[in-house]
Amino acid sequence: MLLRLPESVSEAQECMAEGAVPIGGATLVWAGWQQDGFPAQAMSLRNLPEANVIARGTLGSAVVLNRIDDRVPEVLAHAAATVGTGAVRRTATVGGNLVGSTLRCLLPAALVLDARATVLDQDRVYETDLAEVLAKRHLLLSLHWRDPLTSSYRKLPGEAGGPPPLVVAAAVRTGDGGRNRLHVAVRDGYDVLTDSVGCDAGSDEAIDSLADTSIGTLEPAAWGAVREHVTHLLARPVSR
Ligand SMILES: Cc1cc2nc3c(=O)[nH]c(=O)nc-3n(C[C@H](O)[C@H](O)[C@H](O)COP(=O)(O)OP(=O)(O)OC[C@H]3O[C@@H](n4cnc5c(N)ncnc54)[C@H](O)[C@@H]3O)c2cc1C
């Protein structure tokens with residue numbers, strides 16, 4: 001297998017055109033390749049500057065999970081810090097987690113930030129939403145968002161070999177009309193539910209409104225975890 005390390009977008013497009021398979025840290029693909037055979041070419045974006053950014057409002061797809069720190073909102077930094085083991089986080093990347101894994105612990109965090117994705121095609125670079133990236137398995141270059149007023153993430157304890165643990169991500173963002181909205185995403189099993197409600201009237205009203213959304217259809221224990229999470233988040237002081 002030839003591992004290609006493009007240093008520019010145009011070089012990455014050449015690799016794509018020549019059939020190179022994208023990889024991040026290869027933490028998921030390696031075992032399958034050993035069993036089924038290696039592709040002729042793979043491409044890592046680790047030398048491509050656009051895929052390695054970590055800054056306010058931007059996170060590159062080749063960034064390794066354990067490099068994610070408080071330059072990004074708490075919800076995203078905390079999500080990255082709870083993926084797998086230290087060894088996995090030292091190797092696995094944002095792109096591999098969001099596009100390539102089944103658990104996708106970063107996805108609820110990215111959803112509450114309303115993150116947009118910059119993706120690479122053979123002949124263009126363009127922005128799209130996460131749903132399209134996941135459905136079409138686009139080559140992800142980076143994520144972009146507007147920083148929220150506040151945000152938080154919680155992964156409940158899970159049992160080894162058991163079902164995926166419940167994940168609750170939440171963020172308060174100022175909407176276009178200047179009013180604050182609470183955005184919540186919940187990973188329940190392998191499904192991710194997401195919704196948003198106004199929250200200027202306080203946490204009781206926000207929770208009542210949330211009960212009427214898709215999130216309110218969760219079974220009681222999961223709904224209880226969401227309520228608790230939202231109550232704590234909305235009790236924090238926020239500054240505009
Ligand atoms: C022991 C263990 C525990 C784990 N626990 C968790 C957990 O708690 N939560 C969780 O969310 N995940 C967990 N994972 C999964 C982990 O997050 C993935 O291994 C990792 O995200 C894959 O990242 P990678 O960079 O190694 O991807 P790779 O293995 O390199 O690639 C995986 C797939 O993603 C595709 N891909 C890679 N980069 C891109 C890109 N930029 N654009 C488009 N497609 C791309 C590849 O083509 C491939 O199909 C665990 C994994 C292990 C081994």
Side-chain angles (χ1 to χ4, degrees), residues 1 3-6 9 12-13 15-16 19-36 38-53 58-68 75-111 115 117-122 125-126 128 130-143 153-169 185 187-192:
M1 182 184 79
L3 176 62
R4 302 184 64 178
L5 298 166
V9 164
Q13 284 168 320
C15 296
M16 278 179 100
V21 177
I23 56 166
T27 57
L28 285 183
V29 290
W30 196 257
W33 286 352
Q34 278 185 315
Q35 197 178 317
D36 305 329
F38 285 76
Q41 294 188 40
M43 154 174 65
S44 158
L45 303 181
R46 68 171 177 246
N47 290 352
L48 181 68
E50 290 85 341
N52 281 284
V53 188
T58 309
L59 183 62
S61 66
V63 172
V64 169
L65 300 182
N66 80 343
R67 276 187 57 214
I68 299 177
V75 69
L76 200 49
H78 198 166
T82 62
V83 168
T85 59
V88 170
R89 293 193 294 276
R90 277 194 291 279
T91 319
T93 62
V94 170
N97 186 274
L98 277 172
V99 188
S101 82
T102 47
L103 285 176
R104 297 191 167 120
C105 278
L106 297 190
L107 180 61
L111 287 172
T118 301
V119 298
L120 187 63
D121 225 348
Q122 276 184 33
V125 175
Y126 65 99
T128 186
L130 285 171
E132 186 187 309
V133 175
L134 302 191
K136 300 193 176 162
R137 292 184 68 103
H138 286 308
L139 181 59
L140 180 68
L141 272 188
S142 52
L143 294 176
Y153 181 92
R154 183 174 174 212
K155 185 197 264 190
L156 270 65
E159 282 170 30
L166 188 86
V167 161
V168 186
R187 186 188 72 202
D188 181 30
Y190 290 98
D191 296 330
V192 178

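Fair warning: this is a prediction, and the values are worked out from it, not measured in the lab. Note that ligands are numbered from 1 as they come in the structure, with each ligand's atoms numbered from 1 the same way.
- Heavy-atom contacts of V99 reach the following atoms of ligand 1: 43 (C), 44 (N) (cutoff under 4.0 Å).
- Of all atoms in ligand 1, numbered sequentially from 1 with element shown, those under 4.0 Å from a heavy atom of S61 are 41 (N).
- For the pair V119 and H138, the tightest heavy-atom approach, listed with the atom from each and the gap, is CG1-CB, 3.7 Å.
- Residue, atom and distance of the protein heavy atom nearest to atom 53 (C) of ligand 1 are V88 CG2, 3.8 Å.
- Residue L103 places no N or O, backbone or side chain, under 3.5 Å from any N or O of ligand 1.
- Ligand 1 has no N or O atom lying under 3.5 Å from any N or O atom of L106, backbone or side chain.
- Considering backbone and side-chain atoms alike, V29 places an N or O below 3.5 Å from some N or O of ligand 1.
- At a 4.0 Å cut-off, at least one heavy atom of L139 sits close enough to ligand 1 to count as contact.
- Where the criterion is an N or O separation shorter than 3.5 Å, residue side chain and backbone included, L45 fails it with respect to ligand 1.
- For ligand 1, the polar-atom distance check against V83 finds no nitrogen or oxygen pair separated by under 3.5 Å.
- Taking every heavy atom of both residues into account, L134 and V99 meet most closely at CD2-CA, 4.2 Å.
- When the heavy-atom distances from atom 43 (C) of ligand 1 to R104, R187, R137, H138 are ranked, the shortest goes to H138.
- Polar contact check, T93 against ligand 1: a nitrogen or oxygen pair lies under 3.5 Å apart.
- Protein heavy atom nearest atom 17 (O) of ligand 1, with residue, atom name and distance: N97 ND2, 3.0 Å.
- Using a distance-only test at 3.5 Å, with no hydrogens or angles considered, a donor-acceptor pair links the side chain of Y153 to the main chain of C105.
- The protein atom (non-hydrogen) at minimum distance from atom 39 (C) of ligand 1 is G95 C, 3.8 Å.
- At the shortest separation from atom 15 (C) of ligand 1 among protein heavy atoms lies S101 CB, 4.1 Å.
- Put simply, the side chain of R104 does not reach to within 4.5 Å of the side chain of V192, judged on heavy atoms.
- Comparing G96, P39, G100 by heavy-atom distance to atom 38 (N) of ligand 1, the nearest is G96.
- Where the criterion is an N or O separation shorter than 3.5 Å, residue side chain and backbone included, A26 meets it with respect to ligand 1.
- For A110 against L130, the heavy-atom pair with the smallest separation is CB-CD1, 3.6 Å.
- Annotation for Q35: atom CD does not count as buried by contact number, only 12 or fewer foreign heavy atoms lying within 6.0 Å.
- Nearest heavy atoms, L143 versus V94: CD1-CG1, 4.3 Å.
- Close contacts of ligand 1 with P22, meaning ligand atoms under 4.0 Å from a residue heavy atom, involve 46 (C), 47 (O).
- Contact record, T102 with Y190: O-CD2, 3.7 Å, taken as the closest heavy-atom pair.
- Proximity of I23 to L3: side-chain heavy atoms (C-beta onward) are separated by under 4.5 Å at one or more points.
- Atom numbering of ligand 1 starts at 1 in the shown order; those under 4.0 Å from a heavy atom of G25 are 24 (P), 25 (O), 26 (O), 30 (O).
- Nearest non-hydrogen protein atom to atom 42 (N) of ligand 1 is L140 N, 3.0 Å.
- Of the polar atoms of L28, at least one N or O is found under 3.5 Å from an N or O of ligand 1, judged by distance alone.
- Using a distance-only test at 3.5 Å, with no hydrogens or angles considered, no donor-acceptor pair links the side chain of E50 to the main chain of G60.
- L103 is not listed as a side-chain neighbour of V83, based on a closest heavy-atom distance of 4.5 Å or more.
- On a distance-only criterion, T91 and ligand 1 share no N/O pair closer than 3.5 Å.
- Which parts of ligand 1 touch G24 is read off a 4.0 Å heavy-atom cut-off, strictly below it: atoms 25 (O), 28 (P), 30 (O), 37 (C), 38 (N).
- Remark: the backbone N or O of P165 is paired with a side-chain donor or acceptor of R187 at under 3.5 angstrom.
- Close approach of ligand 1 to G84 (heavy-atom distance below 4.0 Å) involves ligand atoms 3 (C), 4 (C), 5 (N), 6 (C), 7 (C), 8 (O).
- Below 4.0 Å from some heavy atom of T27 lie the following atoms of ligand 1, by number and element: 18 (C), 19 (O), 20 (C), 22 (C), 23 (O), 24 (P), 26 (O), 29 (O).
- With respect to L45, the side chain to side chain contact (heavy atoms under 4.5 Å, CB included) criterion is satisfied by exactly one of C15, S142, S61: S61.
- At a 4.0 Å heavy-atom cut-off, ligand 1 does not touch R46 at all.
- The protein heavy atom nearest to atom 9 (N) of ligand 1 is C105 SG, 3.0 Å.
- Side chain of R89 to main chain of G84: a donor-acceptor pair is present (N/O by atom type, distance under 3.5 Å, no hydrogens or angles).
- Residues A169 and V75 share a closest heavy-atom pair of CB-CG2, 3.7 Å.
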